[in-house]
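All remarks here apply to the structure that follows.
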Amino acid sequence: MHWVDVYAEQLLGRGKKHFVESGTSISGEPHLGSAEDLIISDGIAKAIIEKGGECKAIWAMDDLDGLRKIPKQLPKEFEDYLGQPAFKLPCPDGCCASFADHFTRPFLENLARIDVKPEPVSVAKMYQDGKYDNVVRIAMDRAAEITAIIKEVSGSDRGDDWLPFFPICENCGRILTTQAYAWDGQRISYRCKGGIAGKNFIKGCGHEGAVGIRQGKLPWRVEWASRWSHLGVTFEPMGKDLMASGGTYETGKAICERIFNSPAPLAVPYEWIVIEGGKRLGKSAGRILTIGELIDIATPEIARYFFFRSKPTSHKDIDFGLGITKLAEEYEIAERTYFGQDMGLPEKEIEDVKRNYTASQISGIPERLSQVSYSHLISTVQVTNDWDHILEKLARTDDISGMTQAEEQRLKVKVEAVKTWLATHAPEDMKFQLQAEHPEIEISAEEKAILAKLLGKLEKAEWTAEKLHDSIHTTAVESGIKAGAMFNLMYRIFLNRTKGPRLGYLLASLDREFVVERVRHFST
RNA sequence: GGGCCUGUAGCUCAGCUAGGUGGAGCACCCGGCUCUUAACCGGGGAGUCAAGGGUUCGAAUCCCUUCAGGCCCGCCA
């Protein structure tokens, strides 16, 4: 059984109503790994619903977290904001209501393109609206027990005076720099003494004061537990780093059960996405890879497929170069398998492969197979840019007659994806440019004779990829030159380079008049 | 010291939830296509399922132990 169904059935065994939470901290643009969390949630949620259960999905924007370091793409002025909660920061480009919006809006918009649409919730707003009042009071009243639980589970001793609350300093607006030291049942007293953020120390302003329970936040381990409890979260995907013994999940679970008297959610651990065979995203990658980029070059369905084809616990190596064509090919095999074509897969695998396909769909499962392969489009879109011409050319080599509007729309999206891939990530040797004008190249007398010989064949040949390929090959044999030299010659006069896509398909997608004219020109 | 995950063909991995003759793709070898690109078609060799033990009529699968790799176990998230 596919893993989404395994989780769904396990959860349905516990109850019919489910609630999945995902959370993302806002310290710049969320990368592909942050999206993984939400996509896993979505797959399981949909499986629960298909099996007759209910499942709500919520996405917590952790905009109350302090800014710990300045994201690379931000100007230096943001240093002043270090330690301040993300919701208070301005939009770096002045285009959005806030820093948090600026980075999360494209993230959520891109997830919506693959039908991942959790209800977004601002954590800062939840505190401000008093949604956390209850849990903060409980946490403050029972601070000593919480300290004991953390010590018991994780081995870390916060000290007897520790209070599970970070006030926002009234003077400097920072949250990473404050230390709470007293709770009188209404207000929390604190000092702004400075705090550690990674390798950096963020200076406090020295202010001492007292704030109400809506002017700050619970520490992460406590907050997570409180969120599970008051929202009634039943499962939550989490990176495997949170699953260590004594780690965040274990402490949160103990706090959730013992302080808030709620069952902890089922943890769905997942592995990191890696690039280039092992580098972690975000950390060592020089560049942020986002879900939007993946969708842009792979199509929405193939982007989803990347996440569902393997278990959450296996490593996912993403390759935006040639790897995308492999991924697309694999998806296309799954699609043909779903529609009953025998792709030579072992019996045992077929059900899961079909499930990979259905889990990857975004607007219902198509009623019939209508597929033009990604690899074929790579060559087609380089011959022409125009949609009607693309259709016309595809019609010569693929059966695309009688496409429904939905099918045409999907093809359009795929064509755009291929174009984007070619423009951004394709290796150079996959690219070519059909020469609209005669390229300025030297053609020897012998080559001219060969082209003249070919010309006669082209004028009469049936205009299919196979026949054209044959004509070219026969000409080479008759002229006593190697096939390779013949193909090389053809690429030169059409592409002004020495290699290219499969020539039969390329020529078949062009007009006979154009091809004949080009060959005639170089044969004299 | 502890935890989670991973270990299956040369490589990348599926199969493990619920035990029933070990699989796929790539690579390799042979043959074919008058066939250029990381092309196509047919066939083939491939393995102590990390190791050991246990349960069982039967174990890649369940249990225990060991080994190897990755990540994690101060704060913050």
Side-chain angles (χ1 to χ4, degrees), chain A residues 1-3 5-7 9-10 13 23-27 62 64-69 83 86 123 150 153-158 166 175-177 179 195-202 217 219-221 223-224 238-251 267 269-272 274 277-278 280 309-317 319 322-323 325-326 329-330 333 343-353 356 375 378-379 427 429-430 432 465-466 469-478 482-491 498-506:
Chain A
M1 203 193 293
H2 194 275
W3 60 268
D5 297 314
V6 172
Y7 276 114
E9 290 192 1
Q10 190 180 343
T24 307
S25 67
I26 314 302
S27 51
D62 284 311
L64 205 43
D65 297 345
L67 184 68
R68 303 165 55 72
K69 60 176 185 195
V123 172
I150 293 176
V153 178
S154 77
S156 134
D157 191 356
R158 310 278 148 133
F166 292 106
I175 192 168
L176 287 180
T177 51
Q179 186 178 44
I196 295 165
K199 287 173 192 159
N200 305 319
F201 180 80
I202 300 174
K217 73 184 289 285
W220 163 245
R221 285 168 200 253
E223 167 160 331
W224 214 22
M238 54 192 79
K240 61 170 188 173
D241 55 329
L242 305 178
M243 296 295 288
S245 153
T248 320
Y249 176 69
E250 225 173 77
T251 355
Y270 61 87
E271 263 286 355
W272 317 111
V274 296
R280 260 187 77 175
R309 64 171 175 166
S310 59
K311 288 179 296 192
T313 48
S314 37
H315 289 267
K316 292 175 191 64
D317 200 339
D319 171 8
L322 220 39
T325 65
K326 294 249 180 201
E329 210 169 288
E330 201 185 304
I333 287 173
M343 301 306 294
L345 295 173
E347 197 64 34
K348 272 173 128 181
E349 257 183 61
I350 290 178
E351 283 314 306
D352 277 353
V353 166
N356 285 339
S375 336
I378 290 174
S379 115
D429 59 2
M430 298 287 286
F432 66 87
E466 204 181 328
H469 193 103
D470 278 350
S471 307
I472 291 156
H473 208 276
T474 316
T475 307
V477 171
E478 287 172 5
K482 285 189 176 171
M486 181 71 208
F487 283 101
N488 178 298
L489 172 61
M490 293 298 282
Y491 288 128
T498 55
K499 286 192 170 186
R502 301 180 72 173
L503 196 53
Y505 287 98
L506 176 65

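The structure presented is a predicted model; accordingly, all values stated were derived computationally and were not measured. Only this structure's heavy atoms are used, side chains among them; waters, hydrogens and symmetry mates stay out. Throughout, a chain's letter reflects where its sequence line sits, starting with A, and its residues are numbered from 1.
Between Trp3(A) atom CH2 and G15(B) atom C1' there is a gap of 17 Å when expressed in whole angstrom units. Between Met238(A) atom CE and C5(B) atom C1' the separation is 15 Å, expressed in whole Å. Rounded to whole angstrom, the span from the NZ atom of Lys326(A) across to the C1' atom of A24(B) amounts to 13 Å. Rounded to whole angstrom, the span from the CD atom of Glu250(A) across to the P atom of C5(B) amounts to 12 Å. Distance, Glu271(A) CD to C13(B) C1': 15 Å, rounded to whole Å. Counting to the nearest Å, the P atom of G25(B) and the CD1 atom of Ile333(A) are 9 Å from each other. Remark: P of C76(B) and CG of Leu242(A) are 14 Å apart, rounded to the nearest angstrom. One can place CZ of Arg309(A) at 16 Å from P of G25(B), the figure rounded to the nearest angstrom.
Where Phe166(A) and Met430(A) each meet RNA chain B at their nearest nucleotide, the meeting point lying more 5' is that of Met430(A).
Residues Glu223(A) and Leu64(A) have side chains not in contact (no heavy-atom distance under 4.5 Å, counting atoms from C-beta outward).
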For nucleotides 32-37 of chain B, list the nitrogen or oxygen atoms of the protein found under 3.5 Å from its nitrogen or oxygen atoms, one pair per line.
residue: U34(B); atom: O2'; partner: His473(A); partner atom: ND1; Å: 2.0
residue: U34(B); atom: O2'; partner: His473(A); partner atom: NE2; Å: 2.9
residue: C35(B); atom: O2; partner: His469(A); partner atom: NE2; Å: 3.1
residue: U36(B); atom: O2; partner: Tyr491(A); partner atom: OH; Å: 2.8
residue: U36(B); atom: N3; partner: Tyr491(A); partner atom: OH; Å: 3.3
residue: U36(B); atom: O4; partner: His469(A); partner atom: ND1; Å: 3.3
residue: U36(B); atom: O4; partner: Leu503(A); partner atom: N; Å: 3.4
residue: U37(B); atom: O2; partner: Gly500(A); partner atom: O; Å: 3.0
residue: U37(B); atom: N3; partner: Arg502(A); partner atom: N; Å: 3.2
residue: U37(B); atom: O4; partner: Arg502(A); partner atom: NE; Å: 3.1

Can you check nucleotides 16-18 of chain B for protein contacts, nitrogen or oxygen pairs under 3.5 Å, and list what you find?
none

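The shortest non-hydrogen separation linking Tyr7(A) to Pro269(A) is OH-CD, 3.8 Å. Listed here is the closest heavy atom pair of Ile26(A) and Thr24(A): CD1-O, 3.6 Å. Heavy atoms only, all atoms of each residue included: Trp3(A) and Ser310(A) are closest at NE1-O, 3.2 Å. In terms of heavy atoms, Ser379(A) sits closest to Phe432(A) at O-CZ, 3.5 Å. Summarising the geometry of Ile202(A) relative to Leu67(A), their closest heavy-atom pair is CD1-O, 4.1 Å, with the distance given to 0.1 Å. Of all heavy-atom pairs between Phe166(A) and Pro219(A), the closest is CE1-CB, 3.6 Å.
Rounded to whole Å, the C1' atom of G10(B) lies 14 Å from the corresponding atom of C29(B). Nucleotides A14(B) and G2(B) have their C1' atoms positioned 32 Å apart, rounded to a whole Å. Taking atom C1' on both nucleotides, A46(B) is separated from U8(B) by 14 Å, rounded to a whole Å. As rounded to the nearest Å, G15(B) and G25(B) have C1' atoms that lie 15 Å from one another. If you take atom P in A60(B) and the same atom in C72(B), they sit 34 Å apart, rounded to whole Å. C49(B) sits 15 Å from U21(B) when the P atoms are compared, rounded to a whole Å. Rounded to a whole angstrom, the distance from the P atom of G44(B) to that of U36(B) is 25 Å. Separation of the C1' atoms belonging to C71(B) and A18(B) is 30 Å when rounded to the nearest angstrom.
For the pair Thr313(A) and U6(B), the criterion of a side-chain N or O lying under 4.0 Å from OP1 or OP2 is met.
The line from CH2 of Trp220(A) to OG1 of Thr251(A) is 10.5 Å long, rounded to the nearest 0.5 Å. Note that CG of Leu503(A) is 4.0 Å distant from CD1 of Ile472(A), once rounded to the nearest 0.5 Å. In this structure, Arg221(A) CZ and Ile150(A) CD1 are separated by 6.5 Å, a value rounded to the nearest 0.5 Å.
The side chain of Leu176(A) has C76(B) as its nearest neighbour among C76(B), C5(B), G74(B).
If you check A68(B) for Watson-Crick or wobble pairing at under 3.5 angstrom, you find it paired to U6(B). A 3.5 Å limit on both hydrogen-bonding distances identifies C41(B) as the Watson-Crick or G-U partner of G31(B). Base pairing of A14(B): no nucleotide in any strand meets the Watson-Crick or G-U wobble criterion (both distances under 3.5 Å). Base-pair partner of G22(B): not found among the strands shown (Watson-Crick or G-U wobble, both distances under 3.5 Å). In a base pair of the Watson-Crick type (N1 to N3 plus N6-O4 or O6-N4) or a G-U wobble (N1-O2 and O6-N3), with each distance short of 3.5 Å, G74(B) is matched with no nucleotide.
Thr248(A) comes within 4.0 angstrom of a base, heavy atoms only. Residue Ile472(A) is classed as having no contact, given no heavy-atom separation below 4.0 Å to the nucleic acid.
Ring orientation note: the planes of His469(A) and Phe487(A) are tilted relative to one another, at an angle of 30° to 60°.
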